[in-house]
Amino acid sequence: MAYIELENISFEYPNQTLALNQINLSVEKGQKLAVVGENGSGKSSLFLCLCGIHYPQSGRYILDGEVQKCKRKDRNKLFTKVGYVFQDPEVQLFASTVEKDISFGAINAGMKGEALELCMNEVMAMTQTRELKNKPPHQLSYGQKKRVAIAGVLACKPEVLLLDEPFAWLDAQQKKNTIQILDDLHQQEKTLVISTHDINFVYEWADKLVVMKEGQILATGHPHELLKDEDLIERAGLEMPLVLQLTKKLSLDSTPESMAAFLKV
Amino acid sequence: MFISEKYNLLQAKSTWHPFEKLTFFVAFLLGSLLTHNSVVPFLILVGISVFFFIQGLTLKDLLQIAALPMSFMLLAIFSIICIISRENFEAIYLIKLGSYYIGFSDLSLDKGIHIMGKAMGAMFAFYFLILTCPIDEIEYLLRKMKLPDLLIELFVLSFRFITILLSFSRQCYLSQKKRMAYLSFGSSVRALGMLVSSVLIKSLIHADFSHQALLNRGYKGEMKFLDTHGSLQVKRLIFPTILMIGLIALGQLKL
Ligand SMILES: Nc1ncnc2c1ncn2[C@@H]1O[C@H](COP(=O)(O)OP(=O)(O)OP(=O)(O)O)[C@@H](O)[C@H]1O
Ligand SMILES: [Mg+2]
């Protein structure tokens, strides 16, 4: 059985917007899943259900073989397993310094003394936040806030990490750093789920792609397969990755897996 | 944004323990409040100012910081010094307006200067604390003084929210201004109303999301952070304590 299983999940906001409509999805441990879809297609809502902040009104959510019931105790356990990095880092940072903010989750996860120090060092090295550690959050730039927000969630040592648009508003260098963090996490066999509008990145990075529209899943599969399908791209309001556009234009026989590979051909 | 950030007194900030700064603050505060003469407040004012200058504050900065409270204070002191009376009295300076005498006497002048000195000393003591302690050290001090956790968490969160709301309202105001919302009186009132309501809604939504984010990181109704301040060396408290005793003792002399 897959690590995460969603069976017929539906979720409606109190104002009767049906944000998720009969979602079926399975994610393996250590997988790199990307969720794409136009604005308002329900990506963030899906994440909020996955990490237990919102309760789906119907359907079954199975994580690591356990059915998640919507009880308070279950939810606390879910929080330690699934970490969610919000799209807007502003809502996440609240302590008076960066270091305190990062330590918050680790202490809640029960770490103390040496283990806590080790964890803090590891997380701060990974996200390059050490030189920021004594600054108050409101003095940081957007990219720095984003890094601290990721660090704060990583400090809880979640098995599954959900990142909502991790690259929005980042410059090229920051984006590279964030991708580096994702790769490091993949090395540690964490399950990564990201939502993004960057289709070129998805094509190169993800090993499973979920295409959403109006609260429903249009297709799931490997990005190399799905993104060749012009009809699907049209329906989902996406764009074809640059590499595929170029190979098509040049009528190449092989389809390269990344821009780097394309440039070599 | 906040005066403590505009004037970064980095040196003292990083190397002193918060309790050391607090002891200095208490020394200055008690020194100014318990004094019976004007020499002690004067010493405190000069001392703190010299400290600020050494730390890199310019005279202009200092005047800028002190200007607003000082102007209120001068107004209040003036009302103490001034004597208005129907009868003539022994005064240093006196004018007659109609049937009233307005002026100030030896005694009222003395009293005014005395109160002014006390107030200025206390004010500078507060500036000393605010300018040397960043917000997380103040939080640390509150925590160590065993204030209820609820109050401290409220303090931390509201500080954070205030910074966010301030920057949001500033952006909102600028974008309104760029769209010419503040040209006439009527449109200004309307624009201001819209600004206030959007800030309110934003703060509600923000609070909701923040709560979710806290839950996601394992918040169970209690905020615990890493304690980043090393242990206090007691010998570093000796000097400020002696200073405190000295200032109070000096204040008891009638000079
Ligand atoms: N708090 C809320 N209350 C009511 N409806 C909401 C709320 N949040 C989102 N919705 C609605 O739910 C639907 C899905 O929104 P969601 O935020 O999940 O989209 P998204 O795919 O993350 O979009 P984006 O790419 O813009 O982030 C939208 O129609 C939206 O209007
Ligand atoms: Mg979203």
Residues A:S44 and A:D164: side-chain donor-acceptor under 3.5 angstrom
yes
Quick one about A:R147 and A:Q174 (side-chain donor to acceptor, distance below 3.5 Å, no hydrogens or angles considered), yes or no?
yes
Using the six-membered ring wherever Trp is involved, compare the ring planes of B:Y182 and B:Y173 and label them parallel, tilted or perpendicular (cut-offs 30° and 60°).
tilted
Candidate pair B:F126 and B:F28, rule side chain to side chain contact (heavy atoms under 4.5 Å, CB included), full reasoning:
CA-CA 9 Å; B:F126 267 106; B:F28 293 143; over 6 Å; no
Sequence neighbours left out, what pairs pass side chain to side chain donor-acceptor pair (under 3.5 Å) with at least one residue falling in residues 23-34 of chain B?
none
Should A:K157 and A:E122 count as an ion pair when the cut-off is N to O under 4.0 Å?
yes
Under-4.0 Å salt bridge between A:K81 and A:E159:
no
Go through the atoms of [X] and report whether side chain, backbone, both or neither lie under 4.5 Å from a heavy atom of chain B.
X	result
A:A95	both
A:D101	both
A:L93	both

Between A:Y13 and A:H54, does the ring centre distance come in under 6.0 Å?
yes
Evaluate ring pair (Phe, Tyr, Trp, His ring centres under 6.0 Å) for A:Y84 paired with A:F86, printing each intermediate quantity in order.
CA-CA 6 Å; A:Y84 179 41; A:F86 280 71; 4.6 Å; yes
Those residues of residues 181-198 of chain A that come under 4.5 Å of chain B on a heavy-atom basis, listed by number, are none
Ordered numerically, the heavy-atom neighbours of chain B under 4.5 Å found in residues 110-120 of chain A are A:L116, A:M120
Could you look at [X] and say if it's the side chain, the backbone, both or neither that has a heavy atom under 4.5 Å from chain A?
X	value
B:F161	neither
B:I164	side chain
B:L214	both

Residue-level interface, residues 138-157 of chain B with chain A, non-hydrogen cut-off under 4.5 Å
B:E139, B:V156, B:L157
